[in-house]
> 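Below is one structure. I have some questions about it.
Residue numbers begin at 1 in each chain, while the letters A, B, ... track the order of the sequences.
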Amino acid sequence: MEDFLSQLNKEQLSAVETTEGHIRVMAGAGTGKTKTLTSRYAYLVSELGISPANILTVTFTNRAANEMKSRVRAMLGDLDLGFISTIHAFCTRFLKEEIYRLGYPKNFIVIDTEDQRQMLQRIFADMKITLRDTTMRRTIDQVLEGKKITDDYISEFIRNSSEELLQKIAAEPEKNNQIFLRYLYEQKKNYGLDFNDLINFTGYILNVFPEAREAWQSRMQYVMVDEFQDVSQKQYAIAQTLSAKHGNLFIVGDSDQTIYSWRDAHVQLFLDFDKKYPDAKTIVLKDNYRSTPQILKTANSLIAHNSVRFPKELRALHSDGAKTLYFHAKKPQDEANWIADTMGNLVSQGASLGDIAVLYRSHFMSRGIEEILIQRKIPYRILSGISFYERKEIKDVIAYLRMLTTQDDIAFLRAIQTPSRKIGKKKIEFLKEYAEANRISLYNALLENLDSEIFRGTGAKRFVQAIAATQKGMENKPMDDILDEILDLSGYTEFIRMDAEQDRLDNIAELKQSVAQAAHDPDANLEDFLSRVALYGNLDKEERRNAVKLLSVHAAKGLEYPFVFVTGLSEGLFPSAQIETAEEMEEERRIAYVAFTRAKERLFLSENEGGGDANLSKFPSRFIFESGEENLEFVRPLPDDLRKNALRKIQQSEESLQLLQNLFFVGDRVRHKIFGEGKITAVDISAAAYVVQFDNLKTPRSLQFSAKLEKLPD
DNA sequence: GTATGCTACGTTTTT
DNA sequence: CGTAGCATAC
Ligand SMILES: Nc1ncnc2c1ncn2[C@@H]1O[C@H](COP(=O)(O)OP(=O)(O)OP(=O)(O)O)[C@@H](O)[C@H]1O
C-alpha cells in the first residue's frame, strides 16, 4: 500500500507529503514529475482519506488521463476517478451541472473541428463566399478561434435571442464578423459548444454565479495540474478559482517543454507562480530516471541553443547506453528502409516492437514510414492524428444516435446524407429556408414536408420512420439494441457493409461494444453516453502490445519508449518551414527536445533530402547539428559540401530570425538617432524595410530593418 | 437534381 | 492520406 512512497526520492517525497498550500514542481524531462503527481494523488486518498470526488487533477491529453487513472487504480484499487481528466473533459462535466444557469440544456452537444468545418462550409454557401484565397483551417483560426480569445462574446451570446442574432447578422457589414455571428446563431440553435466555449463558459459561470463558484470551490479541496508549462491564462484562471477556497494548488511542469504556444499556452504563468502566490513552495527535481546519459547529452546540447530559457540541472541516473545514432538519407524511402532495418536489428537483439516509437513533427510525415512498414510486414499503430471519435464512420453512428435525442441540425445533416437518399443540395436548401422561416430545426422542417412533392422518391420517409420506430419505447430498450435498430432500419448498416473496408466495420463493432458495456449499467441512458463520448478521446485498442507506435511529437508529450526514432529532421520540416520568428523557432527546438527526451535506451535521428527536384532538396535540420556532432554516431559521414552548405543555410536563417526579432509592428512609436521620433506606418518584409513617418519630416522614410531604431511606449 | 468516379493537391501541432 | 473540385452517369 504505502510502498509507492518508498519508490520516491527525497524531493519527490517532499512534494507528495506537502499536501497543503501552493506548490510548484519545476523539473526537466524524465525526473518523475508525473510519477510524483500520481503518487501524491494516491497519498491524498489513501493516507489522508480524501475522496477522489474532492481532488481535481488536470492532465493534458486523454491518453495521459487514462494512463494516470490506471496507475492510481493499480495503487488503490477500483475507484471513480472522474476528476482525473483533461481540462476540457472537466469543463464538460462542470457544464453538465451548471450550464442551466445560462439557459442551455445539459445535453448540449460538443462541436469538434470537423463539425466546425461543416458549419462553416454551410455558412460560406449561404454567404456565397468561395474559399479560393483563404483555406478552411485559416478561417477557423481567424474567425472562430480569434473571436473567442476574449470571452466578451459570451454575454452577448447569452443575452441575444436567436431572433436578435438574426437581426444582427442582417445588419453586420463586415465579412468575418458576419461569419462569426452566423456561427453563433447555428451554435445557439443546436445548443452546441466548441472546445473554446467549454473553457470560456466554465470560467464565465465561475465568475458570474457566486453560488456555483462557492459550491465547486468547496468541492475541490485539492487541485493538481500536470504539464503546467502548456496551460493558458484561461485554464489557469479556472484552476485558481477552484482552488481559491482551500488554497491547495499543486502544479508541475518543465519550461523547456512548452510546445502549445499556438494554443495560447504561456510559460510565464508557470515561471511567475511564485509571484502570484508569495507563499508558494517550489520543489526542484534534478535526477533523470528515464534516459541514458547519452540521450540526455544529445537533448541538453540541443536545448542549450534556446536563448530564452530558465536553465536547469539534469543528472542522469540511468546506466550508460549507446550513442545517439544519426542517418542521413537521400530519398524518403531510404530513410524509411533504414528505420525498418534498424527496427529489425533491435528486435533481433531482444527488443519488442512495442518498445519502439517513431515520432514526427507533422502527420503527413508518417506516410512514407507506413508504406515501408506495410511492405515489410512490421505491425504498427498510429497513435495520433484523427482519434477514434473523429473517424468518419464513428461520427456517422453518433449522428444517428443524436437523431434519437437532440435531433440537432449538425447530426441531421450528417445522417441524412449518409447513405445518400437522393436528398442533395437543392432539397437541403429548401429545408434550410423552411426551417429558418419557421424557426424550427431541419429535422422538424423535414417532418412537416414529408408528404410534399419534393421528397417523393427520396429516402426521407425511411429515414424518418427508422427514427420514429427506434424511438418508440426507447427508455426500456438496452442501448446496444437501440444502436443496432437505428443503424439497421435507416439503411446505414447495409451501406457500410457494401462499402466494405474492414477497418471501418471494426471501428463500428468497437463502438457497439463500448455501448454494450455502458448498457450494463441499468441507469445508463443514451444522453449520458453521448455526452461522455464527445471528449473520450482514445477508445482505440491502444495496447496492441507488439506493434511499433507512430505518433506526432505533440502527442508523445509525457510518454516514454525504450527506442525512439525521430524522423524527418530536415530544414523546412522540422523545424517547419512556417516558422517566421525567433520565438517560434525556439518552440520548434523545444518540440525537438520533447521528442529526444521520450527515449529511454537509445535515440535514433534520421532525415532525407526529399524526393524529386534537386533544387528543392532539403538540408539536415539545425537540430541535428545542435545536438552536438560529437554526441552522434553517424551511420555514414555527411558529405563535406552538404554539411557546409547546410550549416551556411542554417546560419542565414538564424541571422534573419535575429533580424526579425527586432521587428517593429505597424503603429509602433520609435526613435531614430537622427530623425527623432516617429511612427511605423508599414512593414515590408520582402524588402526588409520599415516605412516610418517621422514627426519632424514631411514625407515618410523607408528604413532597413537593420537601422537602429528604439521602441517608445505608445 | 443527385450520385459517383476521377484527378490533383497540400499538409504544424490538439482538446 | 483525405478531400476539394470537376466531369460524367443515373
Ligand atoms: N524515484 C524514482 N525511482 C525510479 N524511477 C523513477 C523515479 N521517479 C521517476 N522514475 C521513472 O522515471 C520515468 C519518468 O517519470 P515521469 O514520466 O513521471 O517523468 P516526468 O518528469 O513527468 O517526465 P516528462 O516531463 O518528460 O513528462 C518513469 O519511467 C518513472 O517510472
> Taking only side-chain N and O atoms of A/K427, does any of them lie within less than 4.0 angstrom of OP1 or OP2 on B/dT2?
yes
> Expressed as a whole number of angstroms, how long is the span from A/Q121:CD to C/dT3:P?
11 Å
> Expressed as a whole number of angstroms, how long is the span from A/D264:CG to B/dT14:C1'?
14 Å
> Between B/dT2, B/dT14, B/dT11, which one does the side chain of A/K425 approach most closely?
B/dT2
> State whether the aromatic ring of A/W262 stacks on the base of B/dT13, taking stacking to mean ring centres under 5.5 Å apart and ring planes under 30° to each other.
yes
> Is a salt bridge present between A/R456 and A/D451, judged by a nitrogen-to-oxygen distance below 4.0 Å?
no
> Is a donor from one side chain sitting under 3.5 angstrom from an acceptor on the other, for A/Q229 and A/T258?
no
> Think A/R117 has a side-chain N or O under 4.0 angstrom from the OP1 or OP2 of C/dA4?
yes
> Please report, rounded to the nearest Å, how far the P atom of B/dT14 is from the CD1 atom of A/I382.
12 Å
> Which part of the nucleic acid, if any, lies within contact of A/I423, taking any heavy atom under 4.0 Å across all strands shown: a base, the sugar-phosphate backbone alone, or nothing?
sugar-phosphate
> With respect to the phosphate group of B/dT14, does any side-chain polar atom (N or O) of A/H363 fall under 4.0 Å of OP1 or OP2?
yes
> Within this structure, what is the CD-to-C1' distance between A/E114 and C/dA4, rounded to whole angstrom?
13 Å
> Can a salt bridge be assigned to the pair A/K557 and A/E227 using a cut-off of 4.0 Å between side-chain N and carboxylate O?
yes
> For a quick test of reading the model: is some side-chain N or O of A/S552 closer than 4.0 Å to OP1 or OP2 of B/dT14?
yes
> I need the CD1-P distance between A/I386 and B/dT15, as an integer number of Å.
13 Å
> Could you tell me how far apart A/K422 (NZ) and B/dT2 (C1') are, to the nearest whole angstrom?
7 Å
> Hey, does A/T61 reach any base, or is it just sugar-phosphate, or nothing, if we go heavy atoms under 4.0 Å?
sugar-phosphate
> With nearest nucleotides of DNA chain B determined for A/Q578 and A/K426 from heavy-atom distances, which residue corresponds to the more 5′ nucleotide?
A/K426
> Looking at A/S653 and A/K649, would you say the former's side chain and the latter's main chain have a donor-acceptor pair under 3.5 Å?
no
> What is the distance from CG of A/D230 to P of B/dT13, rounded to the nearest Å?
16 Å
> Go nucleotide by nucleotide along DNA chain B from the 5' end; which of A/R367 and A/S384 gets its closest nucleotide reached first?
A/R367
> Reckon A/Y260 touches a base, only the sugar-phosphate, or nothing at all at heavy-atom distances under 4.0 Å?
sugar-phosphate
> Compare side-chain N and O positions of A/S420 against OP1 and OP2 of B/dT4 and report whether any pair is under 4.0 Å apart.
yes
> Would A/F495 and A/Y492 count as a close aromatic pair, with their ring centres under 6.0 Å?
yes
> Once you round it to whole Å, what is the distance between C1' of C/dC1 and CZ of A/R391?
13 Å
